[in-house]
Undergrad: 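Below is a structure I'd like to ask you about.
In the text below, chain A, chain B and the rest are named by the order of the sequence lines, each starting its count at 1. Since we're looking at a predicted model, the values are computed, not measured.
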Protein chains: 2
Amino acid sequence: MLQDLDKTLQQKGVRPTAMRLLVLDYLLKQPAAVSLSDLEAYFHRADRITLYRSLKTFEGKGLVHSIDDGSGAVKYALCPDDCTTLEHHDLHVHFFCSQCRETFCLPKSRIPDIALPEKFKTEEVNLLVKGTCGTCSG
Amino acid sequence: MLQDLDKTLQQKGVRPTAMRLLVLDYLLKQPAAVSLSDLEAYFHRADRITLYRSLKTFEGKGLVHSIDDGSGAVKYALCPDDCTTLEHHDLHVHFFCSQCRETFCLPKSRIPDIALPEKFKTEEVNLLVKGTCGTCSG
DNA sequence: GTTAAAATGCAATGCCATTGCAGAGCATGC
DNA sequence: GCATGCTCTGCAATGGCATTGCATTTTAAC
Ligand SMILES: [Mn+2]
Ligand SMILES: [Mn+2]
Ligand SMILES: [Zn+2]
Ligand SMILES: [Zn+2]
């Protein structure tokens, strides 16, 4: 179990420290994206900055991607396996529930191609849907 | 000319003060969305908070809409005529140029319908494209 | 075990958004 | 014209979040 986590980190080129293993373990169990404050609340004995840097390291190595859901705090969610340092393949929709304020990755909702004016070149597309999630509308 | 601005504000239920007329005039002349800092830099003699509240008032009355382009500062752009206090019709794409860091409304690029999982309900959709704008790629 | 590199903990900073409050400006009715 | 009440404005203060510097600890490599 911890072995698996260890291996996951190694494969992405992240050195598996105690804190990083705990953070990864936590991330794997979350149904929704997490903010730094979420992490801080859960690991109340850990230093905020260390948690921050864990996330940043993970992001840089293609382990998580960041999501700006407009809530004021950036959130993070695990990437699909094929993300790397150089390339993030998170071209999926993000959903922010205004009820529970959770943010979800919707990998099945792909982002359609967008027609842009002449000469405009796309590098990255972010699509954020706000509304009520399945749980809250149930 | 100033008459026109005056009328525009009145129609949206915004009382036309000196500052608001100046801000509206400025907004009308911008090809790209503006941040509070932009306003502050231009109206260097005006108070930042007053400018801030002008934008907020405009936003509340359907005169401008706000855009979170991920640059850290919220930007504002004039709404289409049919926006009101209650309803914003800015279901268009926003484009952030990573070169010049300007943000543009692309009203002609409509946002396609997004297929969501069962029970998820859409209230609002934000689509932000990052890349290189026409001017910078020219 | 020694040593260099990487990670951590703590303090400090900076930027942006937002609010409270007192004074100025404006519109209205008398 | 003048008093009155409401809105707008200016200034100060606050709070949240992201980010960095630096000294110390931990880890990995030799
Ligand atoms: Mn995602
Ligand atoms: Mn727009
Ligand atoms: Zn919800
Ligand atoms: Zn550009």
Undergrad: What's the spacing between B:Ser137 OG and A:Glu118 CD if we round to 0.5 Å?
TA: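 Taking OG in B:Ser137 and CD in A:Glu118, the distance rounds to 9.0 Å.
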Undergrad: Could you check A:Thr57 against B:Lys56 and say which one's nearest nucleotide on DNA chain C is further toward the 5' end?
TA: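 The residue whose closest nucleotide sits nearer the 5' end is A:Thr57.
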Undergrad: Got a sec? Which of residues 32-42 of chain A come in under 4.0 Å of DNA chain C, heavy atoms?
TA: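 Under 4.0 Å from DNA chain C: no residue of residues 32-42 of chain A.
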Undergrad: Which is the 5'-most and which the 3'-most nucleotide of DNA chain C that has an atom under 4.0 Å from a heavy atom of chain A?
TA: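 Answer, 5' to 3': C:dA6 to C:dA11.
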Undergrad: What is the distance, to the nearest angstrom, from the CG atom on A:Leu21 to the P atom on D:dT26?
TA: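 Atom CG in A:Leu21 sits about 17 Å away from atom P in D:dT26.
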Undergrad: Tell me: CD of A:Glu59 to P of D:dA18, nearest whole Å?
TA: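 Those two atoms, CD and P, are 11 Å apart.
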Undergrad: Do A:Val125 and B:Leu128 belong together in a cluster built from hydrophobic side chains that touch within less than 4.5 Å?
TA: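 In one cluster with A:Val125: B:Leu128, no.
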Undergrad: Taking only heavy atoms on the protein side, list every residue of residues 44-53 of chain B lying under 4.0 Å from any atom of DNA chain C, sorted numerically.
TA: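 Hits under 4.0 Å, by residue number: B:Ile49, B:Tyr52, B:Arg53.
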Undergrad: Answer yes if the ring centres of A:Tyr76 and A:Phe58 are under 6.0 angstrom apart, and no otherwise.
TA: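 No, too far apart.
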Undergrad: Take the angle between the ring planes of B:Phe95 and B:Phe104 and call it parallel below 30°, perpendicular above 60°, tilted in between.
TA: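 Tilted: the ring planes of B:Phe95 and B:Phe104 meet at 30° to 60°.
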Undergrad: Say you draw a straight line from CG of A:Leu27 to CG of A:Leu55; how long is it, rounded to the nearest 0.5 Å?
TA: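 Between atom CG of A:Leu27 and atom CG of A:Leu55 there are 6.5 Å.
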Undergrad: Could you grab the distance from atom CE of B:Met19 to atom CG of B:Asp47, nearest 0.5 Å is fine?
TA: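 B:Met19 CE to B:Asp47 CG: 9.5 Å, rounded to 0.5 Å.
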Undergrad: Are A:Leu36 and A:Val23 connected in a single hydrophobic cluster, I mean Ile/Leu/Val/Met/Phe/Trp/Tyr linked by side-chain heavy atoms less than 4.5 Å apart?
TA: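 Yes, one cluster joins them.
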Undergrad: When rounded to the nearest 0.5 angstrom, what is the spacing between CG in A:Leu63 and CG in A:Leu9?
TA: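 These two atoms lie 6.0 Å from each other.
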Undergrad: Out of A:Lys121, A:Glu123, A:Glu124, which one pairs with B:Ser98 under the side-chain hydrogen bond (donor to acceptor under 3.5 Å, both in side chains) rule?
TA: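 Result: among A:Lys121, A:Glu123, A:Glu124, A:Glu123 is the only option passing the side-chain hydrogen bond (donor to acceptor under 3.5 Å, both in side chains) with B:Ser98.
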Undergrad: So how far is it from B:Thr122 OG1 to B:Asp113 CG, rounded to the nearest 0.5 Å?
TA: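 Separation between the atoms: 8.5 Å.
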Undergrad: Taking atom CZ as the centre, does A:Arg101 end up with more than 12 heavy-atom neighbours from other residues, nucleotides or ligands that are less than 6.0 angstrom away?
TA: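 12 or below, so no.
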Undergrad: In whole angstroms, how far is the P atom of D:dC17 from the CG atom of A:Asp68?
TA: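 Answer to the nearest Å: 13 Å.
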Undergrad: Report the residue (B:Ser71 or A:Arg20) whose heavy-atom-nearest nucleotide on DNA chain C is the more 5′ of the two.
TA: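 Result: A:Arg20.
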